[in-house]
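Values below: all heavy atoms of this structure, side chains included; hydrogens, waters and symmetry mates excluded. Predicted model, so just to flag it, every value in this text is computed and none were measured.
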Amino acid sequence: MGSIIGHIQVNYPKLSKMEKRIADYIMEHKEDLLNIHIGELAENIGVSEATITRFSRKVGCKNFVELKILLRDVVERHSETTGIIGSVDDIYDTVLQSTRQVLDEKALQIAVSWLEKANSIHIYGIESSGLSAEEMKKRMLRMGYKVDAHTDSHVMLINSSILGSEDVILAISNSGETREVIDACQLGKKQGAKVISITNHDQTPLSKTSDILLFTSNLKIHEAKGLINSQLSMIYVLDILSMMLVQNEQAAKHYKKTVNALNHYKKI
C-alpha cells in the first residue's frame, strides 16, 4: 500500500463527507492518534465508532487497530525544532517524503518515454500551476524538445483542438478540478493526444481524463502553519522528470549547447 497517509490523500475525493472529516483529522493529528482509543477518536471528530471502522476498511485496513499501526510507521519523530526556520524545514521534509511515497516510478518512466517520443509537448496550468508550467517549458526547450506552455483558458482550448496522436499534454493541477485544464485535456484527448497529469488526487475529473497520473503530496494540512508555496510538491516531480529527461543522450547534447550559448552571451 505504501504510506497510509499517501493512500488516504490519493483516494480523498471518493470518500463520503463524514469520511473526509475523519481523513482531515487524521492527517492533521496523526502523531496524537498512536495511543488513542476508537471511542475517544469518534468523540473528538463527532462521528460514530462504526463510521471510523468503515473508513479504516475503505482506506485498505482491516480495522482501526491496523490503521494505527500503519500511522505509527509513517509518523516521523523529528527532534524539537526552533523557530520559523525549523518549522519550514519540517514542512519541506514532510512534503517531499510524502510525495516520494505516492509517486509511481513505473508511471514516471512511461511518462518520460512518451515525452521523449512526442511530436510536440503542451503544458497546461492556471495561476501558480501556470508558473510551474512556464518553468518546465524553459527546461525542456533547453533540452531541444518541441514544447510550449499554455496558461490561458482560451489558448488551451485552441491548442488542444488541433493536437494529434503524436502529441502529449502535461497537465498540472493540485486539486484535479481546475475546469480550464480539464476542458482542454478532454478536448485534446478526443483529438488523440496522450494526457499526463501531475495532481494530488485520484477519482477527480482530471484523473479520469488522464492516461498517466503522477501523484504529489497535498499541502492543505500545512496551510494553517504559514505561507508555503502550493507548488512545492509539483516542482519536486518536475525536477525528477527533468533529471530523467536529460539522461537522454540527444537531450543532454542540446542542454550542453544551450548552456554554452548562454555563457557566451553573458560574456558579450
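Between V195 and W114 there is no side-chain heavy-atom pair separated by less than 4.5 Å. Counting only heavy atoms from C-beta outward, the side chains of K117 and S113 approach each other to under 4.5 Å. Taking the side chain as every heavy atom from C-beta outward, K257 and N260 never approach each other to under 4.5 Å. The closest side-chain heavy-atom distance from C185 to L206 is below 4.5 Å. For the pair Q231 and S129, the minimum side-chain heavy-atom distance is below 4.5 Å. In this structure, the side chains of L108 and L241 come closer than 4.5 Å at one or more pairs of heavy atoms. Proximity of P205 to E177: side-chain heavy atoms (C-beta onward) are separated by under 4.5 Å at one or more points. With a 4.5 Å cut-off on side-chain heavy atoms, I26 and I22 count as touching.
Note that OH of Y124 and CG of D183 are 11.5 Å apart. Values are rounded to the nearest 0.5 Å. From L214, atom CG reaches atom CG of L103 across 6.5 Å, with rounding to the nearest 0.5 Å. The CD1 atom of I121 sits 5.0 Å away from atom CG of L115, with the distance rounded to the nearest 0.5 Å. To the nearest 0.5 Å, atoms CG (L245) and CE (M136) are separated by 5.5 Å. The line from CG of N200 to OG of S173 is 8.0 Å long, rounded to the nearest 0.5 Å.
With hydrogens and angles left out, the side-chain atoms of S120 and H122 include a donor and acceptor closer than 3.5 Å. Side-chain polar atoms of E135 and S132 form no donor-acceptor pair below 3.5 angstrom.
Legend: residues meeting salt bridge (charged side-chain N to carboxylate O under 4.0 Å, His left out) with D148, ordered by chain and number and at least two apart, are K137.
Under the 4.0 Å criterion applied to side-chain N and carboxylate O atoms, R139 and D239 are assigned as salt-bridge partners. Salt bridge annotation for E19-K58: present, with a cationic side-chain nitrogen under 4.0 angstrom from a carboxylate oxygen.
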Does Y236 form a side-chain contact (heavy atoms from CB on, under 4.5 Å) with L232? I'd like the steps, not just the answer. CA-CA 6 Å; Y236 173 63; L232 176 59; over 6 Å; no

